[in-house]
Amino acid sequence: NTVLQSYWNGIRKLFLVWAIIVLVGFAFVYFNQSLSPTTINIFWGILAGIGLLYSKKQMPFSDPILRNIFLVWLGIIVFGIVISQVSFFWSPLFFLATYLGAFWLFLMALGHALTGLIEKKKRYIFMVIAQLIAAVFIVMFANSMPALFGLQYLIAGLVGSASMVILLF
């Protein structure tokens, strides 16, 4: 038995909430690519804030494993939002602005990997990592073809959301 199994109902709901957040967030970016990066990051910040507040509710800090998992994801989300914003305004990171879908898929894979190390529930975690890494390569290929450029956000949304849905089972 793992620590998460004792909180499975709350954790299962949490996976579903994040699946919805990821899908809605990337769909928003896909359909609103003409908006400013700051506007998009504000939207993502609101979604992430909702998700993190719900996560905090489902993952009591009294449990050190759940606290560490929460802190890992908090760090990854904050880092990702900051780097996403900076990539549009700081020349050494300009290249990243065209690969933000892949960047976020990589961050999600990193978060799942770290969660797997903390939780020691590797079977599902490594399946998710494999999906996310595959999606990074797909997104990078799509970005090399101008006609497919914007699809990276739909791919990131679908694969990122699916990775959370897989954890429901």
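Position 1 is the first residue of the sequence; numbering continues from there. Predicted, not measured: the structure shown is a model, and the values here were computed from it.
Panel note: side chain Thr115, backbone Gly111; a donor-acceptor pair is recorded below 3.5 Å. A donor-acceptor pair under 3.5 Å is formed between the side chain of Asp63 and the backbone N or O of Leu66. Of the possible donor and acceptor atoms, none in the side chain of Ser161 sits under 3.5 Å from a partner among the backbone N and O of Leu158. Glu119 places no side-chain N or O within donor-acceptor distance of the main-chain N or O of Gly116, the cut-off being under 3.5 Å.
Taking all atoms of both residues into account, the shortest heavy-atom contact from Gly101 to Ala156 is O-CB, 3.9 Å. Across all their heavy atoms, Ala135 and Val159 have their closest contact at CB-CG1, 3.6 Å. Contact detail for Pro64 and Ser62: the closest heavy-atom pair is CD-O, 3.4 Å. Shown here for Ala48 and Ile77, the closest heavy-atom pair between the two residues is CB-CG2, 3.7 Å.
A continuous path of hydrophobic side-chain contacts links Leu117 to Ile76 [ILVMFWY only; heavy atoms under 4.5 Å]. The same ILVMFWY cluster, assembled from side-chain heavy atoms under 4.5 Å apart, contains both Leu105 and Val78. Under a hydrophobic-cluster definition in which Ile, Leu, Val, Met, Phe, Trp and Tyr are linked whenever side-chain heavy atoms come within less than 4.5 Å, directly or via other members, Val29 and Phe94 are assigned to different clusters. In terms of hydrophobic clustering, with Ile, Leu, Val, Met, Phe, Trp and Tyr side chains grouped at heavy-atom distances under 4.5 Å, Val165 and Leu23 are assigned to different clusters. Taken together through direct or relayed side-chain contacts under 4.5 Å among Ile, Leu, Val, Met, Phe, Trp and Tyr, Ile81 and Ile50 form parts of separate hydrophobic clusters.
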Walk me through whether Ile11 and Met59 qualify under side chain to side chain contact (heavy atoms under 4.5 Å, CB included).
CA-CA 8 Å; Ile11 297 301; Met59 302 174 78; 4.0 Å; yes
With side chain to side chain contact (heavy atoms under 4.5 Å, CB included) as the test, would you mind laying out the steps for Leu96 and Phe88 before giving the verdict?
CA-CA 8 Å; Leu96 187 60; Phe88 287 93; over 6 Å; no
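Atoms CZ and CE, from Phe103 and Met108 in turn, are 10.5 Å apart once rounded to the nearest 0.5 Å. Taking CH2 of Trp90 as the start and CD1 of Ile83 as the end, the distance is 8.0 Å to the nearest 0.5 Å. In this structure, CE on Met164 lies 11.0 Å from CD1 on Ile20, to the nearest 0.5 angstrom. To the nearest 0.5 angstrom, Leu16 atom CG is 11.5 Å from Leu167 atom CG. In this structure, Leu52 CG and Tyr54 OH are separated by 13.5 Å, a value rounded to the nearest 0.5 Å. Separation of atoms CG (Leu100) and CD (Gln152) is listed at 6.5 Å; rounding is to 0.5 Å.
Checking Ser84 against Ser87 by side-chain atom types alone, no donor-acceptor pair falls below 3.5 Å.
In the displayed structure, Phe79 atom CZ is contacted under 6.0 Å by at most 12 heavy atoms of other residues, nucleotides or ligands.
The side-chain contact (heavy atoms from CB on, under 4.5 Å) test with Arg67 singles out one residue from Ile69, Ile65, Leu71, and that residue is Leu71.
Note: Tyr99 and Trp104 fail the aromatic proximity criterion, with ring centroids not under 6.0 Å apart.
Below 30°, between 30° and 60°, or above 60°: for Tyr153 and Phe26 the angle between ring planes is below 30°, a parallel geometry. In this pair, Phe28 and Phe43 present their aromatic rings parallel. The plane angle is below 30°, not in the 30 to 60° band.
No side-chain heavy atom of Leu14 sits under 4.5 Å from any side-chain heavy atom of Lys57. Side-chain contact between Phe61 and Asn68: absent, with no pair of heavy atoms (C-beta onward) separated by less than 4.5 Å.
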